[in-house]
K.L.:
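My questions all concern the structure below.
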Amino acid sequence: MSRKLLLKNAHIEGIRFFEAYRKNGGYAAVEKALRMTPEELVEQVKTSGLRGRGGAGFPTGMKWSFLAKPEGVPRHLVVNADESEPGTFKDRYLMEYIPHLLIEGMIISSFALGANLSFIYIRGEYSWIPDILEQAIEEAKANGFLGKNILGTGFDLEIFVQRGAGAYICGEETALLESLEGKRGNPRLKPPFPAVKGLWERPTVVNNVETIAAIVPIIELGGEEYAKIGVGKSTGTKLISACGNINKPGVYEIDMTISVEEFIYSDEYCGGIPNGKRLKACIPGGSSVPILPANLLLKTMNGEPRLMNYESLADGGFATGTMMGSGGFEVLDEDQCVVKHTMSLARFYNHESCGQCTPCREGTGWMYRILQKIENGQGTMQDIDLLWDIQSKIEGNTICPLGDAAAWPVAAAIRHFRDEFEWHILNPELCRTQNYGLAGY
Ligand code: NAI
Ligand code: SF4
């Protein structure tokens with residue numbers, strides 16, 4: 001059984017409110033942290049080995065230590081709650097059910113970073129959650145954990161919640177900052193990174209909701225103890241939102257030592273595939289990461305069980321591996337059609353492209369139209385090569401990772417399921433009337 005750090009109190013009635021949260025040990029980590037120096041806190045986070053939980057897996061302590069500290073210039077912490085990656089809903093769970101964990105993590109993190117004004121930028125579609133967060137902020141303030149002179153230490157902190165307007169691109173950190181400044185959410189060129197020039201050109205750390213929540217157990221346990229959980233560079237626990245063809249969709253906390261097979265089939269997690277269907281493929285880290293067929297999903301290249309962690313999921317690079325990404329774990333059974341699934345993702349990325357770079361603006365729409373043609377039984381063999389060519393010209397040639405995110409699913413689908421694309425082309429009549437999954441698998 002995986003150890004629970006973030007969700008350990010999730011089952012307690014009323015944990016959403018200050019009283020129950022505090023009664024169950026809440027805000028003790030703030031009391032501990034405010035007795036330490038900001039430098040000591042950054043060291044603890046570095047020692048913990050925590051990696052960003054939004055998708056990129058960048059070491060959090062390192063990001064914090066990059067924060068520029070020019071004299072007299074305010075610094076900010078911005079929590080990225082614009083969780084929009086298809087298949088990803090773990091941050092929603094945290095904010096909805098244990099909002100004080102995020103607020104507690106923000107107080108500690110803001111103190112460590114020297115920020116007195118911090119923000120939560122939340123996706124517009126999570127329309128009911130800002131009220132929950134704002135109530136938690138009010139409760140924390142009423143109890144002396146926010147506002148002026150927190151716990152008599154002289155540290156001041158205000159937290160504001162900003163609602164997005166429903167654009168996926170605003171989850172890209174620089175687009176988020178543009179939007180927070182009141183502008184259109186167009187990504188900026190990096191460098192400079194936000195740690196040097198972020199919100200209103202001030203040094204800013206942008207971290208995901210789960211990353212900031214994980215600061216609480218790191219301070220409770222100490223960085224060294226936290227680092228002992230997990231394996232290798234995948235330390236601590238990770239929230240996974242599981243969906244698709246599984247018996248028990250939901251949000252699970254895992255300690256990154258369990259195998260993918262155990263995660264899919266054990267009753268503790270996904271509980272297997274409904275109706276005894278066969279596992280066909282999985283996208284383990286949100287829609288942007290490469291899809292893997294069952295044979296590559298369950299074993300690494302040297303035949304060992306593939307584990308639910310950053311290194312093992314990536315084993316073999318994109319030829320035979322994928323990514324942990326945002327932890328949005330989507331399972332496809334034997335009835336699912338990969339061409340149709342890829343087409344649906346291509347439509348999504350085309351719709352969400354901000355349009356600043358030509359390869360992304362034009363390429364995503366082009367890929368969508370070709371995939372639509374193939375799915376509708378009107379494709380040719382040359383279309384598969386053209387699709388491959390287009391995706392390869394998007395990857396690495398755009399301002400922000402949305403271009404890569406649109407290209408990778410297409411590349412992986414062709415790499416691992418080329419026969420399925422060919423079946424659509426060779427069976428135009430059949431594919432107008434039924435899924436490849438039902439017909440050809
Ligand atoms: P990235 O790898 O460019 O950056 C990671 C973080 O490290 C950023 O905060 C960046 O500012 C910082 N960083 C990197 N090098 C730095 C340096 N030299 N100095 C200072 N800071 C530095 O990746 P990015 O664009 O932040 O995230 C992409 C990932 O986001 C994708 O892999 C995808 O899985 C995920 N994603 C998650 C979504 C969600 O809903 N959770 C939505 C869309 C994508
Ligand atoms: Fe906009 Fe796409 Fe370019 Fe990102 S890659 S800046 S979403 S056009």
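Atoms within a ligand are numbered from 1 in the order they appear, just like the ligands themselves.
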K.L.:
Out of all atoms in ligand 2, which are within 4.0 Å of some heavy atom of Ser353? Include the element for each.
P.N.:
2 (Fe), 8 (S)
K.L.:
Give me the one residue out of Leu296, Leu332, Leu297, Thr322 that meets side chain to side chain contact (heavy atoms under 4.5 Å, CB included) with Ile291.
P.N.:
Leu332
K.L.:
Which of the atoms in ligand 2, numbered in the order shown and given with their element, are less than 4.0 Å from a heavy-atom of Ile169?
P.N.:
7 (S)
K.L.:
Is a side-chain donor-acceptor pair under 3.5 Å present for Ser234 with Glu311?
P.N.:
yes
K.L.:
Which ligand 1 atoms, with their elements, are less than 4.0 angstrom from a heavy-atom of Ser326?
P.N.:
41 (N)
K.L.:
Are more than 12 heavy atoms, taken from residues, nucleotides or ligands other than Trp388, located less than 6.0 Å from that residue's CH2 atom?
P.N.:
yes
K.L.:
With a 4.0 Å heavy-atom cut-off (strictly under), which part of Pro194 contacts ligand 1: side chain, backbone, both or neither?
P.N.:
side chain
K.L.:
Indicate the ring-plane relationship of Phe18 and Phe145, choosing parallel, tilted or perpendicular according to the 30° and 60° boundaries.
P.N.:
tilted
K.L.:
Taking only non-hydrogen atoms of Ser288, do any sit less than 4.0 angstrom from ligand 1?
P.N.:
no
K.L.:
Provide, to 0.1 Å, the distance between atom 2 (O) of ligand 1 and the closest protein heavy atom, together with that atom's residue and name.
P.N.:
Ala56 CB, 3.6 Å
K.L.:
Is any N or O atom of Gly285, backbone or side chain, closer than 3.5 Å to an N or O atom of ligand 1?
P.N.:
no
K.L.:
Identify, by atom number and element, the atoms of ligand 2 in contact range of Leu402, meaning under 4.0 Å from any of its heavy atoms.
P.N.:
7 (S)
K.L.:
If the cut-off is 4.0 Å to any non-hydrogen atom of Gly403, which atoms of ligand 2 fall inside it?
P.N.:
5 (S)
K.L.:
May I ask you to say whether Asp335 pairs ionically with Lys277, meaning some side-chain N is under 4.0 Å from a carboxylate O?
P.N.:
yes
K.L.:
For atom CD of Glu201, is the number of surrounding heavy atoms from other residues, nucleotides or ligands below 6.0 Å larger than 12?
P.N.:
no
K.L.:
Are any of the side-chain nitrogens in Lys190 or Glu172 under 4.0 Å away from the carboxylate oxygens of its partner?
P.N.:
yes
K.L.:
For atom 2 (Fe) of ligand 2, decide whether Cys357 has an N, O or S atom at a distance under 2.8 Å.
P.N.:
no
K.L.:
Looking only at protein heavy atoms, which one is nearest to atom 25 (O) of ligand 1, and what is the separation?
P.N.:
Pro401 CG, 3.3 Å
K.L.:
Determine yes or no for a side-chain-to-main-chain donor-acceptor pair under 3.5 angstrom, with Asn80 supplying the side chain and Asn208 the backbone.
P.N.:
no
K.L.:
With a cut-off of 4.0 Å, which atoms of ligand 2 are near a heavy atom of Ile399?
P.N.:
6 (S)
K.L.:
I'd like to know if Lys90 pairs up with Glu210 as an ion pair, taking the criterion as any Lys NZ or Arg NE/NH1/NH2 lying under 4.0 Å from an Asp or Glu carboxylate oxygen.
P.N.:
yes
K.L.:
Relative to the heavy atoms of Pro187, which atoms of ligand 2 are at a distance of less than 4.0 Å?
P.N.:
6 (S)
K.L.:
Parallel, tilted or perpendicular: which fits the ring planes of Tyr269 and Tyr252, with parallel below 30° and perpendicular above 60°?
P.N.:
perpendicular
K.L.:
Pick one: which of Asn397, Leu402, Ile399 meets side chain to side chain contact (heavy atoms under 4.5 Å, CB included) with Cys360?
P.N.:
Leu402
K.L.:
Counting C-beta onward and ignoring hydrogens, is there a side-chain heavy-atom pair between Leu292 and Arg306 closer than 4.5 Å?
P.N.:
yes
K.L.:
For atom 1 (Fe) of ligand 2, what's the nearest protein heavy atom and its distance?
P.N.:
Cys354 SG, 2.4 Å
K.L.:
How far is atom 38 (C) of ligand 1 from its nearest protein heavy atom, and which residue and atom is that?
P.N.:
Glu85 CB, 3.6 Å
K.L.:
Can you tell me the protein heavy atom closest to atom 19 (N) of ligand 1 and the distance?
P.N.:
Phe66 CD1, 3.2 Å
K.L.:
Which residue supplies the protein heavy atom nearest to atom 22 (C) of ligand 1, what is that atom called, and how far is it?
P.N.:
Phe193 CD2, 3.5 Å
K.L.:
Which of the atoms of ligand 1 are close to Lys63, meaning less than 4.0 Å from one of its heavy atoms?
P.N.:
6 (C), 7 (O), 8 (C), 9 (O), 12 (C)
K.L.:
Heavy-atom contacts with Gln356 under 4.0 Å: which atoms of ligand 2 show up? List them by number with element.
P.N.:
1 (Fe), 6 (S), 8 (S)
K.L.:
I'd like to know whether ligand 1 has Ser84 as a neighbour, heavy-atom separation below 4.0 Å.
P.N.:
yes
K.L.:
Would you mind telling me which of His341, His424, Lys340 makes a side-chain hydrogen bond (donor to acceptor under 3.5 Å, both in side chains) with Glu375?
P.N.:
His424
K.L.:
Mind checking whether Gly286 has a heavy atom under 4.0 Å from ligand 1?
P.N.:
no
K.L.:
Could you tell me whether Arg347 and Glu352 make a salt bridge, using a distance below 4.0 angstrom between a side-chain N and a carboxylate O?
P.N.:
no
K.L.:
To check your reading of the model: name the closest protein heavy atom to atom 2 (Fe) of ligand 2, its residue, and the distance in Å.
P.N.:
Cys360 SG, 2.4 Å
K.L.:
Between Cys400 and atom 3 (Fe) of ligand 2, is there a contact where an N/O/S atom of the residue lies under 2.8 Å from the metal?
P.N.:
no
K.L.:
So for ligand 1, is Glu83 a polar contact partner (N or O within less than 3.5 Å, distance only)?
P.N.:
no
K.L.:
Determine, considering heavy atoms only, which of Phe89, Phe58, Trp64 sits nearest to atom 14 (C) of ligand 1.
P.N.:
Phe58
K.L.:
To check your reading of the model: name the closest protein heavy atom to atom 41 (N) of ligand 1, its residue, and the distance in Å.
P.N.:
Gly54 O, 3.1 Å
K.L.:
Note the single closest protein heavy atom to atom 34 (O) of ligand 1, along with its residue, its atom name and the distance in Å.
P.N.:
Gly55 CA, 3.5 Å
K.L.:
Out of curiosity, is Lys190 lining ligand 1, as in a heavy atom under 4.0 Å away?
P.N.:
yes
K.L.:
With no hydrogens and no angle check, just 3.5 Å: does a side-chain donor-acceptor pair link Asp333 and Gln336?
P.N.:
yes
K.L.:
When rounded to the nearest 0.5 angstrom, what is the spacing between CD1 in Ile218 and CD in Gln44?
P.N.:
9.0 Å
K.L.:
For atom 5 (S) of ligand 2, what's the nearest protein heavy atom and its distance?
P.N.:
Thr398 CB, 3.3 Å
K.L.:
Nearest to atom 8 (C) of ligand 1, what protein heavy atom do you find, and at what distance?
P.N.:
Glu173 OE2, 3.1 Å
K.L.:
Between side-chain atoms of residues 36-43 and protein atoms elsewhere (two or more places apart, or another chain), which donor-acceptor pairs fall under 3.5 Å?
P.N.:
unit_1 : atom_1 : unit_2 : atom_2 : d
Thr37  : OG1    : Glu40  : N      : 3.0
Glu40  : OE1    : Thr37  : N      : 2.9

